[in-house]
*Asks:* 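Can you keep this structure in mind? I'll have questions shortly.
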2 protein chains.
Amino acid sequence: MPSDTKENYLKAIYSLEENGEKISLSALSKRIDVSIPTVNNMVKRLQEEGWVIYEKYKPIILTDEGRKVASHIVRKHRLAEMFLVETMGLGWEEVHDIAEDLEHINSETFFNRIDEMLDYPKFDPHGTPIPDKNGKTVSQNYESLSAIEPGQSAVLRALDHEQKEFLVFLNKKNIALGTEIKIEEKEPFDESVVVAYDQFKNVVLTKDVCDKLLVEKVHK
Amino acid sequence: MPSDTKENYLKAIYSLEENGEKISLSALSKRIDVSIPTVNNMVKRLQEEGWVIYEKYKPIILTDEGRKVASHIVRKHRLAEMFLVETMGLGWEEVHDIAEDLEHINSETFFNRIDEMLDYPKFDPHGTPIPDKNGKTVSQNYESLSAIEPGQSAVLRALDHEQKEFLVFLNKKNIALGTEIKIEEKEPFDESVVVAYDQFKNVVLTKDVCDKLLVEKVHK
DNA sequence: ACAATAAGTTAGATTAGCCTAACAATAAAA
DNA sequence: TTTTATTGTTAGGCTAATCTAACTTATTGT
Ligand SMILES: [Mn+2]
Ligand SMILES: [Mn+2]
Ligand SMILES: [Mn+2]
Ligand SMILES: [Mn+2]
């Protein structure tokens, strides 16, 4: 088993892969906030231990073993987040940091029980899919709210960032997963939109926000 | 804040102090399973950082700050154990190892919520007191089952060891906290006892086991 | 095609936490 | 009171994970 540190590297590679971003040393360096030489050195070690494949100046690839470990960490992270929200009643904005620690807990018993108590959830509190024990995730086919045309409605299904500030912002606006949002108007100048949802009308959302809201179009 | 490693040293010193054992480098070394020179070196560092007081060839003492940190770790450990048993339904024999990891989680929110969900428990699943936020513990005044005379009864209140094998043994014997045990007979030769409890009669317990069962005498 | 920029590499160093081997001090036993 | 056993100390070394400074290779824009 790799150390917690190595688990974090594998997880970071896995996430970049999940988002279709290119996996360079510098991308990794930014993601885990560590100097490039450090990443360079660590990736070599991960390679020696069979978790990744890396050649000078080429992108980093997870081996099957590496992907298995990484998906297991991600699974534990997302199960933990779900547990913290559903069973313990914490807010979706406060669970990520705690899950960063919980994901490294090494106990099948603990996570099996969480999985069972939550009735085998497929998504975490931010709508992100939870990998199963074999690392498989249900594919999600959402589009960004920015892609929805005026007059159309869409249901919020997931977020593509889980920064505390963003989640607190959504709380303040009373937007949650499942909220049906109607695009009333689009301002061409700054690409902001006017939306309506639940009892709220004429709410303005910037493009930055819309980009991060992953929705499913409503066909009426 | 000290590192997880340092937290473990402080916790070990705290536990030895709690059991009234003398706190030497070699005792610590055995407790945390690390060489004596390593402990020696670490204790010096803990001293520099103000967590302990140590002079060559003298016993180690926690500073107020050190005791505060240590009791907080112990609090988190025991709260975690209680949560794993009471809320998650794990057995008292499987929670210690998981709690060894959970105790280092750094989230007031997480542990406050656990404390709240458990309705502010005073004892962990093994009957050991949980320090409050100020490090205070309710004093327990139990005696070992070995000290109970034939004909007398006593209620099991706590254990002074929580090795998995011991707890599994107690499960097999159907002995739990709260079980009222009557001493029927004492064998002088090997100090084993014959006891009765619930529907069970003529159960033989060795002195080794009785020593570890902390009870409260029943006055009838 | 070439200069500028971005990305990756190498070397050398540091800190935390651990070890063993050899030695010194204290406490316990004879 | 010596001897023996326990306990503590010092010295020297190791690995994991990090850093900065200086340099090299690749990519990009003109
Ligand atoms: Mn998260
Ligand atoms: Mn999440
Ligand atoms: Mn425990
Ligand atoms: Mn316990």
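Bear in mind that the values here come from a model prediction, so they are computed numbers and not experimental data. Chain naming here is simple, since letters A, B, ... match the order of the sequence lines and numbering starts at 1 in each.
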*Asks:* Looking at the side chain of N41(A), which of dT18(D), dT9(D), dA26(D) is the nearest nucleotide?
*Replies:* dT18(D)
*Asks:* Using purine N1 to pyrimidine N3 plus N6-O4 or O6-N4 for Watson-Crick, or N1-O2 and O6-N3 for G-U wobble, both under 3.5 Å, which nucleotide pairs with dT14(C)?
*Replies:*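 WC or wobble partner is dA17(D).
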*Asks:* With sugar-phosphate meaning primed atoms plus P, OP1 and OP2, does I36(A) contact a base, only sugar-phosphate, or nothing at under 4.0 Å between heavy atoms?
*Replies:* base
*Asks:* For S35(B) and T38(B), which I'm curious about, is there any donor-acceptor pair between the side chains at under 3.5 Å?
*Replies:* yes
*Asks:* What is the separation between atom CG on L25(B) and atom C1' on dT10(D), rounded to the nearest whole Å?
*Replies:*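 Whole-Å distance recorded here is 14 Å.
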*Asks:* Across the strands shown, which category fits K58(B) at heavy-atom distances under 4.0 angstrom: base, sugar-phosphate, nothing?
*Replies:* nothing
*Asks:* Describe, in one word, how the ring planes of H126(A) and W92(A) are oriented to each other, choosing from parallel (under 30°), tilted (30 to 60°) and perpendicular (over 60°).
*Replies:*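 Parallel, since the angle between the ring planes stays under 30°.
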*Asks:* Using a cut-off of less than 4.0 Å, is there contact between a side-chain N or O of S26(A) and OP1 or OP2 of dA6(C)?
*Replies:* no
*Asks:* Within the structure, does a side-chain N or O atom of K56(B) lie under 4.0 Å from either OP1 or OP2 of dT26(C)?
*Replies:*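 Answer no for this pair, as no side-chain N or O of K56(B) is under 4.0 Å from OP1 or OP2.
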*Asks:* For residues H96(A) and H77(A), establish whether the separation of their ring centroids is below 6.0 Å.
*Replies:*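 Centroid separation for H96(A) and H77(A): below 6.0 Å.
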*Asks:* Report the residue (K44(B) or T5(A)) whose heavy-atom-nearest nucleotide on DNA chain D is the more 5′ of the two.
*Replies:* K44(B)
*Asks:* Determine the contact category for T38(A): base if any of its heavy atoms lies under 4.0 Å from a base atom, sugar-phosphate if only primed atoms, P, OP1 or OP2 are that close, otherwise nothing.
*Replies:*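 Base contact - T38(A) has a heavy atom under 4.0 Å of at least one base atom.
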*Asks:* Tell me whether D190(B) at atom CG has more than 12 heavy atoms from other residues, nucleotides or ligands lying less than 6.0 Å away.
*Replies:*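 Correct, the count exceeds 12.
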